[in-house]
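Structure, as structure tokens:
Throughout, residue positions are numbered sequentially from 1 according to the sequence presented. It should be emphasised that the depicted structure is a prediction, and the values quoted were computed from it without experimental measurement. Just so you know, ligand 1 is whichever comes first in the structure, and atom 1 is the first atom listed for that ligand.
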Amino acid sequence: MNSKVIIFDTTLRDGEQALQASLSVKEKLQIALSLEKSGIDVIEVGFPISSPGDFKSVQTISKNIKDSRICSLARCVEKDIDAAGQAMSSSDSFRIHIFLATSVLHMESKLRKNFNEIIDMAVFSVKKALRYTDDIEFSCEDASRTTIDNLCRIVEKLINSGVKTINIPDTVGYTIPNEISYIIKNLFERVPNIHKSIISVHCHDDLGMAVGNSISAIQAGARQIEGTINGIGERAGNTALEEVIMAIKVREDILGVSTNINHKEIYRTSQIISQICNMPIPANKAIVGSNAFAHSSGIHQDGVLKNRKNYEIIDPSTIGLKEVKLNLTSRSGRAAVKYYMDEMGYTSSDYNIDELYTAFLKLADKKGQVFDYDLEALAFINKQQDQPEYFSLKFFSVQSISNGLSTASVKLLCGKEIHTESSTTSNGPVDAIYQALNRITHFPIILQKFQLVAKGKGKDALGQVDILVEYEKRKFHGIGLATDIIESSAQAMVNVLNNIWKAREVNKKLKILKHFKKK
Ligand code: KIV
Ligand code: ZN
């Protein structure tokens with residue numbers, strides 16, 4: 001049997017249909033280009049009959065994608081098949097994906113048809129689609145709840161009609177690994193022409209088993225896996241493709257198959273899709289979550305620093321991530337503190353590890369997470385954490401007009417002096433405050449991430465703002481918490497400014513020390 005598993009991505013069809021807001025043509029194209037760059041074999045780009053907008057986006061994507069096969073969905077309805085064929089006509093080779101339900105439940109209560117009528121509709125639609133392309137995929141919707149006899153019967157007819165890919169969807173996320181394996185094995189044993197087609201599975205995650213079911217199907221002989229990046233999709237979502245792809249790579253010893261995927265593109269593609277679809281990735285999500293390669297416990301951190309394989313089954317660089325991430329918290333040991341100091345270029349003679357570690361634990365208890373610049377500040381400027389911060393926000397006022405300009409004024413205590421500034425911008429009140437603060441400090445910072453989350457419920461909820469900025473090629477974080485979200489935004493920036501100020505003080509101090517050492 002072929003050892004290549006075809007990866008079929010339906011982020012733009014099954015994934016998109018689950019989003020709160022539809023994506024624009026431009027956004028869909030951006031996602032398609034990113035999937036193409038990742039080496040996805042087949043990209044299902046839409047359901048052209050569903051709306052003129054979808055038709056247009058399928059047309060645009062078809063003109064721009066060359067390396068992946070483009071595919072569009074159609075019901076067993078002639079106008080759907082025509083729309084799919086016409087929308088993709090500018091592409092050299094494309095696939096039409098037709099679907100029809102085959103379970104008794106769907107046939108009786110949704111379609112009001114008997115099984116013979118279903119077979120006729122399916123075969124008729126395949127003939128219509130073959131006028132546009134010879135690459136036809138057929139999905140027996142709700143296949144996991146279809147009797148195995150019926151499934152074998154329709155699959156044989158479909159392959160005889162010219163279907164190249166038979167898809168077995170677990171439409172409602174109901175099946176479990178043993179059962180899907182039983183279904184696929186039965187198809188291979190009982191359908192005489194089965195070897196003329198590729199067997200595919202399309203799993204939903206209602207019981208959290210989509211990836212497990214897909215892997216089980218591969219072991220039973222399936223050679224196409226359908227899913228979405230980050231697992232987005234109807235209800236609990238679809239099979240998370242990045243998880244299947246990495247399972248195939250990491251457990252090649254057992255699975256004995258491979259994909260055409262460019263693994264280094266996985267992380268980037270996942271980030272792009274999360275941002276465009278406005279679907280944040282949970283921190284503990286396998287492969288692409290922000291904690292997937294972050295080590296927190298002291299024992300694990302020490303183990304990883306000695307040999308990454310102790311606690312890492314995937315080298316993060318395989319998916320395009322650069323660094324090992326050790327979360328600096330009160331659970332971290334000396335090894336993690338030393339690792340970050342080494343990363344910043346300090347040798348153990350520059351500081352006293354015992355004193356630094358004691359100060360670090362106190363700060364970690366107070367602050368939760370500690371960053372590299374905090375360690376630097378602890379090591380070189382303030383071992384006691386009770387010193388007042390250099391910058392403190394004394395006053396702010398903002399005025400914002402709908403579709404117009406926002407004006408902000410701030411009073412910032414800088415050491416012992418109060419400075420006042422104001423700014424006007426068309427980018428909203430937060431930007432106005434940030435610009436006013438910047439007019440005082442003049443730090444050349446680039447805002448990289450701004451995240452607002454509600455803490456608590458109702459009118460008493462607090463708005464927490466987390467920001468990440470780049471300053472002289474280093475990253476600095478800031479947090480602000482207040483009932484007024486403009487105030488929490490301002491506080492988060494003041495927090496960042498204090499962190500940068502400390503890093504600058506460390507720099508100055510180290511320069512002076514070097515100067516005296518030379519003498
Ligand atoms: O879940 C499903 O059954 C589908 C089909 C259209 C393949 O998305
Ligand atoms: Zn689906």
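His202 has its ring centre no less than 6.0 Å from the ring centre of Phe8.
Shown in contact with Glu141 at under 4.0 Å from a heavy atom are these atoms of ligand 1, numbered in order with element: 3 (O). The contact set between ligand 1 and Asp14, taken as ligand atoms under 4.0 Å from a residue heavy atom, comprises 8 (O).
Ligand 1 has no nitrogen or oxygen under 3.5 angstrom from a nitrogen or oxygen of Ser139. For ligand 1, none of its N or O atoms has an N or O atom of His97 under 3.5 Å away. Where the criterion is an N or O separation shorter than 3.5 Å, residue side chain and backbone included, Arg13 meets it with respect to ligand 1. An N or O contact shorter than 3.5 Å links Thr171 to ligand 1 by distance. At a 3.5 angstrom cut-off on N or O pairs, Glu226 does not count as close to ligand 1.
Between Phe371 and His477, the two ring planes are parallel [angle under 30°; tilted spans 30° to 60°].
Looking only at distances, a side-chain donor or acceptor of Tyr434 sits under 3.5 Å from a matching main-chain atom of Ser489.
Heavy-atom separations between Glu234 and ligand 1 are all 4.0 Å or longer.
Across all non-hydrogen atoms, the minimal contact from Ser200 to Glu226 is OG-OE2, 3.4 Å.
The nearest protein atom to atom 1 (O) of ligand 1, hydrogens excluded, is given as His204 NE2, 3.0 Å; this is a heavy-atom distance. Of the protein's non-hydrogen atoms, His202 NE2, 3.5 Å is the one closest to atom 4 (C) of ligand 1.
Geometry about the Zn ion (ligand 2) gives an angle of 100° between OD2 of Asp14 and NE2 of His204, rounded in steps of 10 degrees.
At a cut-off of 2.8 Å, Glu234 does not coordinate the Zn ion (ligand 2) through any N, O or S atom.
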When you look at Arg13 and Glu234, which way does the salt bridge (charged side-chain N to carboxylate O under 4.0 Å, His left out) test go after all the steps?
-> CA-CA 10 Å; Arg13 199 276 298 165; Glu234 280 287 337; over 6 Å; no
Go through the steps to decide whether Ile31 and Thr269 satisfy the test side chain to side chain contact (heavy atoms under 4.5 Å, CB included), and finish with yes or no.
-> CA-CA 8 Å; Ile31 292 179; Thr269 307; over 6 Å; no
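Remark: Lys196 NZ is loosely packed, at most 12 non-hydrogen atoms of other residues, nucleotides or ligands lying under 6.0 Å away.
Ion pairing of Lys110 with Glu141 is present here, as a side-chain N (NZ or NE/NH1/NH2) and a carboxylate O approach within less than 4.0 Å.
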